[in-house]
Number of protein chains: 2
Amino acid sequence: MPRPRQPRLTRQLIVETATAVIDAEGLPAFSTRRLAAELGVRGPSLYNHFATKDEILDAVADTVTAAVDTSGFASRDWAAALRDWAWSYRRALTAHPNIVPYLAQGPGRRPAALAMADAVYGGLVRAGWPPARATHIGAALRYFVAGSALGSFARGFVEDPELYAAHYPHLRQAHRLAEHQQSVDEGAFALGLDALLHGLAAEYARTVGPLDPVESARSSG
Amino acid sequence: MPRPRQPRLTRQLIVETATAVIDAEGLPAFSTRRLAAELGVRGPSLYNHFATKDEILDAVADTVTAAVDTSGFASRDWAAALRDWAWSYRRALTAHPNIVPYLAQGPGRRPAALAMADAVYGGLVRAGWPPARATHIGAALRYFVAGSALGSFARGFVEDPELYAAHYPHLRQAHRLAEHQQSVDEGAFALGLDALLHGLAAEYARTVGPLDPVESARSSG
DNA sequence: ACCCTTAAACTAGCGGTGTAAGTTTTGTCG
DNA sequence: CGACAAAACTTACACCGCTAGTTTAAGGGT
């Protein structure tokens, strides 16, 4: 079959279909031929629109990241903005859990990830945090969010009580974790985020608080 | 070549060599044939000792996890024990960064991971934390450690200043991140861990502190 | 000492993967 | 109207995880 009257593929259509396949069947099942079949096309045709498979995955990861809301840094105080961002970030990742293992391996050169990092860093520096500290805070929260979306704590546990009773005395109840996976993961995230922000607020009060944030931003901007 | 006088493979030798290959060449380069070649053997021979490739990877992940030290929970107060554990956990993962993407996808049924979870959970409950809270704390710290080892924040950035100057105004200096990758990642980890522990200590004082931890452990054990 | 079972390597091969190369037809533009 | 680029195609390569069947050595039983 030669060139069709109307192109059957576009970058956007490929990315959307790739996202759907990954969501439905997981990363390992996602192959160029599988994706092409879903698009009514043969595998190599994709290479008219993307240079490599990784480029497709990058595009998927980028659209997932683009859904993260960083607008809080423009309108709210730094702590509230961080909290809003972290939750939005988590929601964006858990909406497409199967792509997270790929996405989590570094911000890369993806525009949406860079724009997000830029907004966070800028917001923190504007609030008076020293640049090095702002970098660390953004990184620490990214670690936490990515880790929570990636390694669902409860997912690994099995529903067979016998397995734990014998060798892991304190995990006697662990088989129940599987039932409550989502609430465990969200509870752990909420607790950890609150603790992180609490600790950062204390650090802020100790090292930055004395200065007027606005002044501080003006003098360093 | 038939059965040799002396077996050339053992599970331990396979795991050690697999670790070396992954450390040296990365997860994508790790294939059964590549591993077998390193062992002076043909690919399928591995299947006399392991049922699948994933079983080999699980064994590698387990030995990495086994290096984590949780002894603090037996001898120190819960906060110090958590700090020691988190750093030990991080050191174990960053010693073999290439296996982390595999390892981070849940505790699974790996014995070392379960033993670690058991020690942490038990230590926290003994210190007076309610069981649900203990689960959340262990999970939150795992998120943070795994995320930090997985998605090295600095790694993704490029050394070309031009790339950032145009579109990401606040990241003007981002190209410098690549130079200081290790110190950025460690600084972010140290900051985040301190903040987390600070927040947890406040929570402890508010909800558990009033009770004598020893009493509390006795009454719930 | 012999046989039988099992272990541990082998070879051959299946179906799948990412992707390179070259082909064919269509749409578009000078 | 002819040239060229675009977008599909087919073919093919090297590699992948893994299965099946083969060969020989090691070890235990009589």
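The model shown is predicted, which means the values in this text are computed figures rather than measured ones. Letters A, B, ... are given to chains in the order of the sequence lines, protein chains preceding strands, and every chain is numbered from 1.
- Looking only at atom types and distance, the side chain of A/T65 has no donor-acceptor partner in the side chain of A/R110 under 3.5 Å away.
- Within 6.0 Å of atom CD in A/E16, more than 12 heavy atoms from other residues, nucleotides or ligands are found, so the atom counts as buried in its surroundings.
- B/F50 is listed as a side-chain neighbour of B/V15, based on a closest heavy-atom distance under 4.5 Å.
- In this pair, B/W129 and B/W78 present their aromatic rings perpendicular. The plane angle is above 60°, beyond the 30 to 60° band.
- Heavy-atom neighbours of B/R83 CZ from other residues, nucleotides or ligands within 6.0 Å: above the threshold of 12.
- B/S31 comes within 4.0 angstrom of sugar-phosphate atoms only, judged by non-hydrogen atoms across all strands, and of no base.
- Counted within 6.0 Å of CZ on A/R34, heavy atoms from surrounding residues, nucleotides or ligands total more than 12; the atom is thus considered enclosed.
- Checked by atom type, the side-chain pair B/D54/B/T52 shows no donor-acceptor distance below 3.5 Å.
- B/Q12 CD: 12 or fewer foreign heavy atoms inside a 6.0 Å radius.
- If you take CZ of B/F30 and C1' of D/dC18, they are 14 Å apart, rounded to a whole angstrom.
- Between the side chain of A/R33 and the base of C/dG16, no donor-acceptor pair under 3.5 Å is found.
- Listed in residue order, the members of residues 34-47 of chain B having a heavy atom less than 4.0 Å from DNA chain D are B/P44, B/Y47.
- The stretch residues 48-64 of chain B touches DNA chain D through B/T52, B/K53, each having a heavy atom within less than 4.0 Å of the strand.
- For DNA chain D, none of the residues of residues 10-26 of chain B falls under the heavy-atom distance limit of 4.0 Å.
- In this model, no donor atom of one side chain and acceptor atom of the other lie less than 3.5 Å apart for A/Y164 and B/D118.
- Exactly one residue among A/V64, A/L93, A/L27 makes a side-chain contact (heavy atoms from CB on, under 4.5 Å) with A/V100. That residue is A/L93.
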